[in-house]
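Order of the sequence lines sets the chain letters (A, B, ...), proteins ahead of strands, with each chain counted from 1. Both backbone and side-chain heavy atoms feed into the values below; hydrogens, waters and symmetry mates do not.
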Protein chains: 4
Amino acid sequence: MSSELIDDEGELVSPATGRPLTKRGEATRRRLLEAAEVVFAEQGYHEASIVKITERAGVGLGTFYLYFDSKQSIFEALVIDLNRRVRHAMSEAMADAGSRLDAERAGFAGFFRFTAEHPALYRVVREAEFVSPEVLRLHYTRIVDGYEAGLRAAQRAGDVDPELDPATTAWALMGMGELIGMRFLLWERDADGRPPAAMDPAVFDAMSRFIDNALAPRTQEPTQKDEKG
Amino acid sequence: MSSELIDDEGELVSPATGRPLTKRGEATRRRLLEAAEVVFAEQGYHEASIVKITERAGVGLGTFYLYFDSKQSIFEALVIDLNRRVRHAMSEAMADAGSRLDAERAGFAGFFRFTAEHPALYRVVREAEFVSPEVLRLHYTRIVDGYEAGLRAAQRAGDVDPELDPATTAWALMGMGELIGMRFLLWERDADGRPPAAMDPAVFDAMSRFIDNALAPRTQEPTQKDEKG
Amino acid sequence: MSSELIDDEGELVSPATGRPLTKRGEATRRRLLEAAEVVFAEQGYHEASIVKITERAGVGLGTFYLYFDSKQSIFEALVIDLNRRVRHAMSEAMADAGSRLDAERAGFAGFFRFTAEHPALYRVVREAEFVSPEVLRLHYTRIVDGYEAGLRAAQRAGDVDPELDPATTAWALMGMGELIGMRFLLWERDADGRPPAAMDPAVFDAMSRFIDNALAPRTQEPTQKDEKG
Amino acid sequence: MSSELIDDEGELVSPATGRPLTKRGEATRRRLLEAAEVVFAEQGYHEASIVKITERAGVGLGTFYLYFDSKQSIFEALVIDLNRRVRHAMSEAMADAGSRLDAERAGFAGFFRFTAEHPALYRVVREAEFVSPEVLRLHYTRIVDGYEAGLRAAQRAGDVDPELDPATTAWALMGMGELIGMRFLLWERDADGRPPAAMDPAVFDAMSRFIDNALAPRTQEPTQKDEKG
DNA sequence: AATGAATGAGAATTCATTCAT
DNA sequence: GATGAATGAATTCTCATTCAT
């Protein structure tokens with residue numbers, strides 16, 4: 001998987017004037033986006049408000065509308081931004097993996113690391129389902145497409161069970177990773193009630209065994225469906 | 001996995017009067033809950049409104065507060081209700097499975113069947129994350145607990161890789177099933193743009209192979225981690 | 001001209017619920033309409049605000065939306081109400097006029113009397129041109145239709161120049177009356193800067209002579225159009 | 001009626017600097033005024049915005065405040081400009097009229113012609129009543145003063161009923177012309193839904209008869225006012 | 001047990017105007 | 001002269017909840 005950075009907008013333009021952004025404008029836009037990440041993550045979409053975002057960004061309320069059309073539009077921009085960043089983190093992590101399966105594992109490790117550092121990812125992305133279903137699909141699809149390409153390559157290399165359907169498997173892995181991350185990173189609290197800095201290695205290893213089992217080519221075809229006969 | 005039906009409320013009482021519900025009262029409560037299922041599923045939590053629910057239930061607005069404390073409280077009641085029903089559907093499906101692994105498969109089949117028939121499940125349950133995180137945890141946990149118990153039993157019976165951690169694996173399966181359901185049931189549309197009545201068997205089989213691989217005891221320990229050596 | 005009261009709405013319904021109004025509801029609606037008349041007249045459409053209207057009506061802000069869809073919709077209702085009332089005032093005034101021309105004069109007198117008592121008429125109705133052009137047309141048309149019918153009858157009775165086109169003449173009369181009312185009633189101020197209680201009789205007489213000239217059948221056809229020949 | 005052009009501003013100065021305008025400055029100011037005419041006419045005062053005006057004028061937003069104090073001030077400047085132009089059009093039209101009454105007719109013709117060519121006149125001028133009542137009075141008064149002077153001259157020449165009060169009559173004529181113009185020019189649409197290029201001659205003739213009747217000296221005093229005795 | 005009129009806190013959004021460049 | 005980013009007061013409208021009937 002290449003580590004290309006997919007840029008979602010060619011050139012940023014002001015929704016108010018339709019003109020491309022100046023240097024100053026781009027900086028303001030970024031501050032708004034950063035503020036939005038915090039506010040949406042802490043309060044959720046509906047509790048969040050434009051004033052809260054602009055206050056946190058340190059700009060006037062009206063300024064918001066110079067850069068975004070609406071609350072929903074900054075939310076979407078944020079999801080796309082997070083998606084780009086998480087995929088970037090995953091690619092980086094996979095960059096120097098030895099084998100295909102190692103790469104897969106490294107990708108998950110990168111994903112969990114990013115999640116631990118940016119809990120906003122879950123909170124924001126999962127809420128997108130109810131705010132902007134299309135961007136949510138985009139988000140999942142972009143990640144899953146990466147998995148799928150990786151799986152196909154691994155199958156060609158003989159590292160992955162050739163009988164597995166890459167698409168279904170990719171979605172399975174995505175769902176697995178997402179829920180494991182939710183359960184063992186976001187829900188987890190240490191003795192002091194604070195979130196863990198990273199995924200518990202024991203859990204990661206357990207998950208790895210699950211994945212390895214699932215993906216590895218069968219050494220001998222079991223007679224599974226008739227196993228009781 | 002036992003097919004116990006967890007009843008979440010001992011005796012229903014009116015939040016307004018604190019008195020137990022009459023027959024007529026119980027019927028009204030149920031109508032409200034049914035209306036809520038439709039309205040929440042169609043419009044989402046925030047778009048939904050009490051008036052829409054009472055109108056659909058065919059009762060006066062004020063009546064609502066005879067049975068529920070608030071919008072959030074009927075939502076939570078609905079999530080718990082759906083959880084009870086989906087677990088029931090899964091238990092039923094697993095009831096006459098041959099082997100442990102068959103039961104696992106049957107459980108997923110039951111889950112998908114329920115999902116196809118009650119799309120509200122996803123829409124409502126997943127939104128619970130942002131409305132009532134505690135009930136969402138309850139929902140996931142209750143289902144996962146079932147998986148976990150099943151896995152332990154299967155491990156004891158030698159049907160499942162004894163090296164797998166049951167808890168992690170259960171969450172992995174839950175996430176996998178959830179995302180496969182979302183992608184291949186809820187997002188899927190046929191030529192006429194209508195949702196499929198059931199999960200595509202090919203996808204189900206592909207997923208089954210993935211699960212079988214993951215869970216089956218290894219016939220011989222692969223040297224995977226050292227495969228480059 | 002008959003003195004029928006044109007009722008513009010069969011049965012009043014709540015825009016929020018679509019249900020017919022109760023006694024209490026109708027009273028509240030009326031209070032809002034009365035408040036709106038004062039507020040729109042004093043401040044104009046754009047300076048007026050829903051809060052100002054509800055405060056003056058002594059009801060909560062939200063109550064407004066039980067009876068009207070929007071600021072524009074109460075404005076339209078008010079124009080229609082004023083139209084009904086001014087036409088009623090005119091009909092009453094014309095009721096016991098001796099001749100056709102007397103009736104015409106009496107109609108204007110009634111119009112000016114209503115205007116003096118309800119300056120809101122002008123302020124609100126004329127502003128309708130920029131808020132709701134359709135209701136403005138309705139307003140003018142309804143009054144002009146009355147004039148026109150009166151003129152036709154008078155022509156048949158031989159009281160009005162048969163060569164005059166009733167439609168054009170009716171609009172001419174409407175415009176005349178409107179501007180005379182504006183100039184000599186609404187703009188007029190006495191020594192203390194207060195608006196006059198009624199139209200100056202001298203002006204009314206001057207206007208009457210103008211109308212009498214315009215409408216009366218010519219005793220002999222002047223050679224006016226050919227006067228240069 | 002003389003054809004003097006009343007110039008409302010001696011020398012144009014920048015409201016920002018207080019300095020007289022350069023050639024280039026005057027051109028920019030004029031472009032803004034022309035843009036304002038279109039924008040105010042199309043959208044009305046409140047829908048119009050400074051940005052829309054500057055965009056149409058092709059200048060930067062800030063430039064606006066080099067030439068006008070405020071939205072209201074450019075609006076007022078526009079009304080005064082339109083008033084000057086419509087009076088000019090009327091004077092031109094009356095220039096070579098034969099008789100006094102012909103001149104009166106010609107004046108109306110000129111007014112209607114200008115209206116047909118510049119629908120902005122009505123839209124802008126009539127809205128002035130709610131934006132800047134003083135300029136509206138100025139507008140009406142300046143036109144009416146012209147009528148009144150014409151009427152007095154015509155009375156001295158024996159062309160107009162000496163019993164008519166010139167002031168009242170002038171306002172009556174103004175109102176009449178205004179409403180006829182509104183009804184038969186601005187509201188009128190042909191089969192294709194497009195506004196007519198000019199006033200329907202039949203309507204104009206009908207109106208002329210009305211005016212002729214109203215103004216012409218009575219050949220014999222009718223017994224109208226005593227008709228009931 | 002049922003009803004629905006009344007409420008008001010709260011949120012999104014617009015735009016005339018300023019001012020540093 | 002010209003520009004356009006920044007501002008925030010002000011407005012409309014929604015809806016969960018209360019309570020008198």
With a 3.5 Å limit on both atom pairs, tell me what [N] is paired to, counting Watson-Crick and G-U wobble, or say none.
N: E/dT21; answer: F/dA2
N: F/dC13; answer: E/dG10
N: E/dA1; answer: none

Any base atoms under 4.0 Å from B/Ala48, or only sugar-phosphate, or nothing? Heavy atoms, all strands.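 Sugar-phosphate contact only - B/Ala48 comes under 4.0 Å of backbone atoms but never of a base.
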Could you say whether B/Ile50 or C/Lys52 is positioned toward the 5' end of DNA chain F, judged by the nucleotide with the nearest heavy atom to each?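 So the residue in question is C/Lys52.
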Starting from the 5' end of DNA chain F, give me the residue, A/Phe64 or B/Gln72, whose nearest nucleotide shows up first.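 The answer here is A/Phe64.
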Is the ring pair D/Tyr45/D/Phe75 parallel, tilted or perpendicular, if the boundaries are 30 and 60 degrees?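 Because their plane-to-plane angle is over 60°, the rings of D/Tyr45 and D/Phe75 count as perpendicular.
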Nearest-Å distance, CZ (C/Arg31) to C1' (E/dA6)?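 Value for this atom pair: 11 Å.
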Under 4.0 Å between a side-chain N/O of D/Ser49 and OP1 or OP2 of E/dC15, yes or no?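 Checking E/dC15 against D/Ser49, no side-chain N or O comes under 4.0 Å of OP1 or OP2.
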Quick one: is F/dA2 close enough that its OP1 or OP2 comes under 4.0 Å of any side-chain N or O from D/Arg24?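 Checking D/Arg24 against F/dA2: at least one side-chain N or O falls below 4.0 Å of OP1 or OP2.
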Comparing B/Tyr67 and A/Ser70 on DNA chain E - which has the more 5′ nearest nucleotide: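 Nearer the 5' end of the strand: B/Tyr67.
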On DNA chain E, does the nearest nucleotide to A/Leu61 precede the nearest nucleotide to C/Thr28 from the 5' side, or the other way round? Give the residue.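 Its nucleotide being nearer the 5' end, the pick is C/Thr28.
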